[in-house]
Amino acid sequence: MKELSDIGLVGLAVMGENLILNMESKGYTVTAYNRSVEKVESFLDGRAKGKKIRGAASIEELVASLEKPRKIKLMVKAGQAVDDFIEQLIPHLEPGDIIIDGGNTHYPDTNRRTDYLKEKGLLFIGTGVSGGEEGALTGPSIMPGGAPEAWPHVKDILQDISAKVDDGSPCCDWVGEGGAGHFVKMIHNGIEYGDMQLICEAYQIMKDVLGMSADEMHEVFAEWNEGDLDSYLIEITRDILAYKDDDGEPLVDKILDTAGQKGTGKWTGIVALDLGIPLTLISEAVFSRCISSRKDERVKASQVVKGPETTFDGDKKQLIKDLKDALYASKIISYAQGYLLMREAAKEFGWHLNYGGIALMWRGGCIIRSSFLGNIKDAFDKNPELENLLLDDYFRKTVEDAQAGWRRVAATALTQGIPAPAITSALSYFDGFRTARLPANLLQAQRDYFGAHTYERIDHDRGEFFHTNWTGRGGDTASTTYNA
Ligand code: 6PG
């Protein structure tokens with residue numbers, strides 16, 4: 001083993017351990033540290049035995065074991081624990097040393113920590129790491145941002161341990177300054193929420209409208225995974241549907257229908273509201289989890305509030321085909337909205353995001369990995385300034401081709417009383433996006449009527465505001481015109 005380690009890692013939970021083993025397998029020597037030191041010992045005696053991994057019994061020992069500039073990766077719970085470890089490390093580090101936070105941190109915290117450590121002469125990286133336990137071990141998607149001076153020092157190691165796409169490109173590249181990496185990971189998670197919700201809506205339509213069994217749905221997902229929808233989440237859904245409990249019944253049927261969430265989807269929705277971006281699909285996915293978690297309320301309501309009887313006498317095969325189109329088209333909308341939000345955030349926070357590069361980082365290793373991300377990469381390669389994915393020829397044409405089936409699915413869900421908020425809101429966004437004249441003329445009239453909020457006119461220049469005394473009883477004084 002080398003005298004000094006290439007990198008140290010703090011936090012021996014599932015992601016931390018697997019990342020260490022991944023680094024070691026790529027030829028790096030790693031020092032492992034954990035707040036409760038017994039965990040370090042059991043790791044060294046277990047999975048780390050005989051490998052180029054050394055343990056540290058204290059922060060001092062960890063720091064002293066590292067090559068300079070020291071690189072220390074924190075894989076601890078996002079929030080206070082990250083600040084606590086940073087404070088413990090600071091007195092032992094020297095200018096130019098690098099701390100990397102690999103948790104699901106909220107990006108404003110990464111902005112703050114990057115600035116704080118810069119004042120102390122230290123370099124901070126906040127990086128999203130996606131791929132779960134298996135990805136951490138075999139190659140996750142890694143989205144680093146923070147202090148750009150740190151990147152050349154960690155580039156090799158982070159790219160070496162990351163997933164690779166078919167041509168060998170790593171699913172890891174520099175995202176941008178401050179919290180940019182964690183922002184992009186947050187969007188990844190929001191998109192993950194959207195993809196999962198879409199799949200769940202298709203599942204419920206198949207189950208409750210078509211009366212399909214788990215095995216039958218397994219077959220459909222297996223087929224979908226061979227085509228345009230080919231993705232990790234479709235693949236695991238296929239496998240989940242085939243999985244049987246001890247009594248031979250599908251395990252999925254026995255799982256309580258209340259979704260958990262750790263907050264990254266909610267953060268995505270909040271930023272979208274703050275920046276005024278119509279991120280409808282991901283927001284609906286978050287709210288769907290909220291509705292699901294109010295199980296008692298739903299059970300009570302189901303006994304008294306009646307909807308339509310669910311009966312289907314249409315063409316079952318056609319509806320399954322339509323569902324595939326609805327999923328694919330809605331997915332395009334979700335990514336279009338997510339990319340819109342990244343563009344707006346880049347403007348707001350002064351980041352220079354490489355949108356094609358982000359698609360490439362998500363192409364392998366992460367939870368939303370799919371062949372579809374290759375098409376997004378191509379779209380941004382063709383036009384790095386692409387304003388909306390729906391304006392790219394491939395995506396425009398794909399959505400146009402899918403829209404008849406998509407509309408039939410939305411109509412079926414609505415008439416049969418099956419909630420499909422992601423599929424239907426995606427369609428409403430699509431229709432809003434492609435409508436030159438929306439009814440907001442009437443809305444502006446209403447605002448002006450009751451609050452003298454003023455309006456612009458189609459027969460005058462933009463920026464000229466008018467007020468009408470609609471009732472003859474109001475005055476001519478308009479309220480100030482500003483937009484939040
Ligand atoms: C990933 C996942 C990972 C985690 C989510 C789960 O990219 O590997 O996104 O970060 O599984 O945080 O999020 P919820 O608990 O909110 O579903």
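Note that the coordinates shown come from a computational prediction; the quantities given were computed from them, not determined experimentally. Whatever order the structure lists them in is the order used to number ligands and atoms, beginning at 1. Note: hydrogens, waters and symmetry copies are ignored here, and every other heavy atom, side chains too, is used.
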**Q** Step by step, work out the ring-ring contact (aromatic ring centres under 6.0 Å, His included) result for Tyr107 and Phe349.
**A** CA-CA 11 Å; Tyr107 72 96; Phe349 304 124; 5.6 Å; yes
**Q** Looking at Glu201 and Ala422, what are the two nearest heavy atoms and their distance?
**A**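 Closest approach of Glu201 to Ala422, heavy atoms only: OE2-N, 2.7 Å.
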**Q** At less than 4.0 angstrom from any non-hydrogen atom of Gly132, what atoms of ligand 1 do you find?
**A**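 Per the distance check, 8 (O).
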**Q** Which atoms from ligand 1 have a heavy atom of Ile367 less than 4.0 Å away?
**A**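 Counting from 1, the qualifying ligand atoms are 1 (C), 2 (C), 7 (O), 8 (O).
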**Q** Hey, are Glu177 and Thr114 close enough side-chain-wise for a donor-acceptor pair under 3.5 Å?
**A**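 The answer is no; no qualifying pair exists.
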**Q** Looking at every non-hydrogen atom in both residues, tell me the closest pair between Trp151 and Cys172 and how far apart they are.
**A**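 Where Trp151 meets Cys172 most closely, the heavy atoms are CH2-SG, 4.0 Å.
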**Q** Hey, looking at atom 15 (O) of ligand 1, which of Lys262, Lys185, Met196, Met143 has the closest heavy atom?
**A**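 Checking each option, the heavy atom nearest atom 15 (O) of ligand 1 is found in Lys262.
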**Q** Check whether any N or O atom of Gly260, backbone or side chain, sits under 3.5 Å from an N or O atom of ligand 1, and answer yes or no.
**A**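 Such a contact does not occur with ligand 1.
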**Q** Heavy-atom contact check, 4.0 Å cutoff: does Gly265 meet ligand 1?
**A**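 No, Gly265 has no heavy atom closer than 4.0 Å to ligand 1.
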**Q** What do we get for Glu133 next to ligand 1 when only non-hydrogen atoms under 4.0 Å count, side chain, backbone, both or neither?
**A**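 Neither part.
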**Q** Among all the protein's non-hydrogen atoms, which is closest to atom 16 (O) of ligand 1, and how far away is it?
**A**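 Nearest protein contact, heavy atoms only, for atom 16 (O) of ligand 1 is Tyr193 OH, 2.5 Å.
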**Q** Out of Val129, Val286, Thr264, Asn189, whose heavy atom is nearest to atom 5 (C) of ligand 1?
**A**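 Result: the heavy atom closest to atom 5 (C) of ligand 1 is in Asn189.
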**Q** Measuring from atom 11 (O) of ligand 1, which candidate in Glu192, Met15, Arg289 has the nearest non-hydrogen atom?
**A**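 Checking each option, the heavy atom nearest atom 11 (O) of ligand 1 is found in Glu192.
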**Q** Under 4.0 Å from a heavy atom of His188: which atoms of ligand 1 are those, numbered in the order shown and with their elements?
**A**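 Near His188, meaning under 4.0 Å from one of its heavy atoms, ligand 1 has 7 (O).
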**Q** Indicate, with yes or no, if the rings of Phe287 and Tyr193 have centres closer together than 6.0 Å.
**A**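 They do not qualify: ring centres at least 6.0 Å apart.
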**Q** For Asn18, is there any backbone N or O sitting under 3.5 Å from a side-chain donor or acceptor partner on Arg47?
**A**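 No.
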**Q** How far apart are the closest heavy atoms of Gly102 and Val129, and which atoms are they?
**A**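 Minimum heavy-atom separation between Gly102 and Val129: O-CG2, 3.8 Å.
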**Q** For the pair Asp6 and Lys52, evaluate salt bridge (Lys or Arg N to Asp or Glu O under 4.0 Å) and give the outcome as yes or no after the intermediate values.
**A** CA-CA 10 Å; Asp6 299 297; Lys52 299 179 299 296; over 6 Å; no
**Q** Assess Gly131 for proximity to ligand 1: is some non-hydrogen atom of it under 4.0 Å away?
**A**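 For ligand 1, residue contact (heavy atoms, under 4.0 Å) with Gly131 is present.
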**Q** To the nearest 0.1 Å, how far is atom 7 (O) of ligand 1 from its closest protein heavy atom, and which atom is that?
**A**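 That would be Ser130 OG, 2.4 Å.
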**Q** Ring centroids only, cut at 6.0 angstrom: are Tyr328 and Phe372 within range, meaning strictly under it?
**A**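 That pair passes the under 6.0 Å test.
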**Q** Against heavy atoms of Asn104, which atoms of ligand 1 measure under 4.0 Å?
**A**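 Contacts of ligand 1 toward Asn104, numbered from 1: 3 (C), 10 (O), 12 (O).
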